[in-house]
Amino acid sequence: MKIITVANNKGGVGKTMQCFQLASYLANKNYKVLAIDLDSQANLSSTLGVNVHRTLVPEWLIGDVPFEEVVVPAEGHYDFFKNLHVVPSSRHLANLSKLLILSESEVRKNAGRKERLLKQRLQKISDFYDFVVIDTPPMLGDEMIMALVASDQILIPTQAQDYSIDGLEELMDTFEIIKESENPNLQFSIIPSMVNKRRKIEKVRMEELSESFDVTPAIRNLVEMQESISLKKPIFLMGKSSKGKQDYVDLWESLGF
Ligand SMILES: Nc1ncnc2c1ncn2[C@@H]1O[C@H](COP(=O)(O)OP(=O)(O)OP(=O)(O)O)[C@@H](O)[C@H]1O
Ligand SMILES: [Mg+2]
C-alpha cells in the first residue's frame with residue numbers, strides 16, 4: 001500500500017484538485033484506492049460524493065472507533081468509483097487538536113506520540129488498499145504532520161508567485177524535520193500548479209523555483225479544471241484535445257503512476 005499526501009500550508013494552490021485527479025486516475029486503473037480528507041473544509045469529500053454531518057476521524061485516530069465506522073464508498077457517475085473509498089471530513093475535524101490534548105494519556109499508550117497516530121491506523125488496513133491519497137488543510141498543524149509521518153510521498157502543488165514560494169521554505173523545513181526524526185524514506189515532488197506561462201512574472205518565478213528544486217511538469221490554469229471539479233468528472237475522461245488531460249498525462253507519467 002502506497003501512501004501519498006498532498007500538502008501545502010498555503011491555501012488555494014490546488015491540493016484538493018490533485019487529490020481528486022490522482023485518486024480517480026488510480027481507481028480507474030483498477031487499483032483499490034482510499035481517499036482520506038483531513039481538511040475540515042471537506043472539499044475532497046463532497047467532490048467524491050460524500051457529505052457527512054459529523055466526521056469520526058478524531059475518534060478513529062485516538063482509537064475510540066474502528067476504521068469501518070469512518071470509511072464509506074465514494075459516489076459518482078462513473079464505473080471507477082467502485083474502486084474508491086473515502087474517509088470523509090466535516091467541520092468537526094477542527095476539534096482534532098483539542099481532542100488530542102484531552103486524550104493525551106490514551107494517545108501516548110497507543111502510539112507513543114500523537115504524530116504517529118495516522119501511521120498506526122493505516123498499518124492495520126494495508127492489505128485492503130493499493131493506494132491511499134490524503135488531502136490536508138492549508139496549515140502546518142496536527143493533520144499535516146500526522147499525514148507526513150504516515151506517507152511514502154508528498155506532492156506539493158505550488159503556484160509560481162512570491163508568497164507561495166516563501167511559504168514553501170517553511171514547509172520544506174517541516175519536511176526535513178519529519179524525515180530526520182520519524183520518516184527517513186519520505187519523498188517529495190513539487191508540482192507547479194495553476195500556471196499561466198503567458199504572465200512574464202510567473203515564468204521568471206517558475207525558472208527560479210526549478211533552480212532550487214526538482215519540479216514536475218506543470219498543470220496550467222484552465223477553466224476545464226474548474227469544470228472537472230464542479231461536474232465531478234476527472235480530467236482523464238475529457239476528450240483528446242483537452243489541455244488539462246495532456247498536463248496530467250505528463251504529470252502522472254513523470255511521477256511513475
Ligand atoms: N489547474 C487549475 N486551473 C484552474 N483552476 C484550478 C486549477 N486547480 C485548481 N483550481 C481551482 O482553484 C481553486 C482552489 O483549488 P483547490 O481547492 O484544489 O485548492 P486547495 O489548495 O485545496 O485549497 P485549500 O487550501 O482551501 O484547501 C478551486 O476553485 C479549483 O477548482
Ligand atoms: Mg483543499
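In listed order, ligands and their atoms are each counted from 1. Keep in mind that what you see is a predicted model, and the values were worked out from it rather than measured.
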For ligand 1, does K15 get within less than 4.0 Å through its side chain, its backbone, both, or neither, judged by non-hydrogen atoms?
both
Counting only heavy atoms closer than 4.0 Å, does ligand 1 sit against the backbone of D135, its side chain, both, or neither?
neither
Could you list the atoms of ligand 1 found under 4.0 angstrom from a heavy atom of G11?
25 (O)
Atom 23 (O) of ligand 1: nearest protein contact (heavy atom, Å)
G12 N, 3.0 Å
For P88, is there any backbone N or O sitting under 3.5 Å from a side-chain donor or acceptor partner on T55?
yes
Atoms of ligand 1, numbered as shown, that sit under 4.0 Å from any heavy atom of V13
19 (O), 20 (P), 21 (O)
Locate the shortest heavy-atom distance separating F80 from S24; write the atom from each residue and the value.
CE1-CB, 3.6 Å
Heavy-atom count check: over 12 atoms from other residues, nucleotides or ligands less than 6.0 Å from K82 NZ?
yes
Note: ligand 1 atoms sitting under 4.0 Å from heavy atoms of I219 are 1 (N)
Counting distance only, does the side-chain N/O of N183 pair as donor-acceptor with the main-chain N or O of L148 below 3.5 Å?
yes
If you define the side chain from C-beta out and look only at heavy atoms, does anything of L34 sit under 4.5 Å from V87?
yes
Checking the side chain of D130 only, and the main-chain atoms of Y31 only, is there a donor and an acceptor separated by less than 3.5 Å?
no
Would you say M194 has any N or O atom under 3.5 Å from an N or O of ligand 1, going by distance alone?
no
Test S45 against D37 for side chain to side chain donor-acceptor pair (under 3.5 Å), laying out the working first.
CA-CA 6 Å; S45 311; D37 192 350; 2.7 Å; yes
Can you tell me if E176 has over 12 outside heavy atoms packed within less than 6.0 Å of its CD?
yes
Have a look at E224, Q41, R220, Q226 and point out the one with the heavy atom closest to atom 1 (N) of ligand 1.
R220
Side chains of T5 and L38 in contact at under 4.5 Å (non-hydrogen atoms)
no
Atom 7 (C) of ligand 1 protein-contacted, heavy-atom criterion under 4.0 angstrom
yes
Quick one: does ligand 1 sit under 4.0 Å from the side chain of L222, the backbone, both or neither, non-hydrogen atoms only?
backbone
Answer yes or no for Q18: is there a heavy-atom contact with ligand 1 below 4.0 Å?
no
Does an N or O from G14, backbone or side chain, lie closer than 3.5 Å to an N or O of ligand 1?
yes
Pull up every protein N/O/S atom sitting under 2.8 Å from the Mg ion (ligand 2), skipping waters.
T16 OG1
Verify, without hydrogens or angle tests, whether S210 (side chain) and M206 (backbone) share a donor-acceptor contact under 3.5 angstrom.
yes
Kindly compute the distance separating CD1 (I36) from CZ (R121), expressed to the nearest 0.5 Å.
12.0 Å
Using a plain distance cutoff, I'd like to know if M17 has any nitrogen or oxygen under 3.5 Å from a nitrogen or oxygen of ligand 1.
yes
Step-by-step side chain to side chain donor-acceptor pair (under 3.5 Å) determination, D39 to S89
CA-CA 6 Å; D39 185 356; S89 181; over 6 Å; no
Considering non-hydrogen atoms only, spot the tightest contact between S193 and P157 and give its length.
CB-CB, 3.9 Å
Can you check atom 18 (O) of ligand 1: any protein non-hydrogen atom closer than 4.0 Å?
yes
Has the side chain of S242 got a donor or acceptor atom that lies under 3.5 Å from a matching backbone atom of F236?
no
Here the atoms of ligand 1 under 4.0 Å from any heavy atom belonging to P138 are 25 (O)
Where ligand 1 meets D39 - atom numbers and elements under 4.0 angstrom, heavy-atom basis
27 (O)
Could you pull out, from T16, N8, N221, the option with a heavy atom nearest to atom 22 (O) of ligand 1?
T16
